[in-house]
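These notes are about the structure you will find just below.
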Amino acid sequence: MRIFEPSKGHRVPSIRMINLVDILLNLLIFFIVTSTFRTFEGDQTAVQVSLPEARTAEEAGKAKLPHLTIKVTPDQKIFLDEEQIGLIALETALRAAKAKDSAVVVELSADKNVSYGTVVAIVDAARAAGVQNITAFTKKTVKEN
């Protein structure tokens, strides 16, 4: 008993191009759609800062406490919760937040090129407002082999 019938002529294998074009178009559509969604991942905020690196950096947002975010851009501009603010007005806003909730946490996120004096002035304003819980954001360094 033969499983395959003997062919009368030698048939040349061919690839059907129409099927390949359909597959390639589906893959192209898939990659276009997923790449546009990928751009919206992560923290997309209006103020972009390049954080300094630290080996002991922790993940942000572990504790669910009331917090205020202070960001300092490379050109020394200070933002309190996405609104630009001056150093004197920052202290006033921190006093108001401290009066509203005594457990408020200040999250300081300064660019790595910001002067040390600016960071110290912000910490001093927070302490003058009575806020003692100040955290500084860094990004975790990647180990090199």
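Residues Leu68 and Val105 have side chains not in contact (no heavy-atom distance under 4.5 Å, counting atoms from C-beta outward). Side-chain contact between Leu28 and Leu24 is absent, with no heavy atoms from C-beta onward closer than 4.5 Å. Between Val104 and Asn133 there is no side-chain heavy-atom pair separated by less than 4.5 Å. Residues Thr73 and Asp111 have side chains not in contact (no heavy-atom distance under 4.5 Å, counting atoms from C-beta outward).
Rounding to the nearest 0.5 Å gives a distance of 11.5 Å between NZ of Lys71 and CG of Leu80. In this structure, the separation between CD1 on Ile134 and CD1 on Ile122 is 10.0 Å, given to the nearest 0.5 Å. Rounding to the nearest 0.5 Å gives a distance of 6.0 Å between CD1 of Ile29 and CG of Leu25.
Linking Ile, Leu, Val, Met, Phe, Trp and Tyr residues whenever their side-chain heavy atoms come within less than 4.5 Å places Phe31 and Ile23 in a single cluster.
The shortest heavy-atom contact between Ala125 and Leu90 is CB-CD2, 4.5 Å. Closest heavy-atom contact between Ala126 and Leu94: CA-CD1, 3.6 Å. Here the closest non-hydrogen pair linking Ala129 and Glu91 is CB-O, 3.7 Å.
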(request) Please report the C-alpha distance between Glu107 and Thr135 in whole Å, then the side-chain angles of each, then the deciding distance to 0.1 Å, and finally whether the side-chain hydrogen bond (donor to acceptor under 3.5 Å, both in side chains) criterion is met. (result) CA-CA 5 Å; Glu107 297 173 345; Thr135 60; 4.9 Å; no

(message) Run the side-chain contact (heavy atoms from CB on, under 4.5 Å) test on Leu108 and Thr69 for me, step by step, so that the C-alpha distance in whole Å, both residues' side-chain angles and the decisive distance to 0.1 Å come before the verdict.
(response) CA-CA 6 Å; Leu108 177 59; Thr69 304; over 6 Å; no

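Within 6.0 Å of the CG atom in Leu20, the count of heavy atoms belonging to other residues, nucleotides or ligands exceeds 12. Applying the 6.0 Å contact sphere to NZ of Lys98 captures more than 12 heavy atoms from other residues, nucleotides or ligands. Summarising the local packing, CD of Gln76 is surrounded by more than 12 heavy atoms from other residues, nucleotides or ligands at distances under 6.0 Å.
Of the possible donor and acceptor atoms, one in the side chain of Asn26 sits under 3.5 Å from a partner among the backbone N and O of Asp22.
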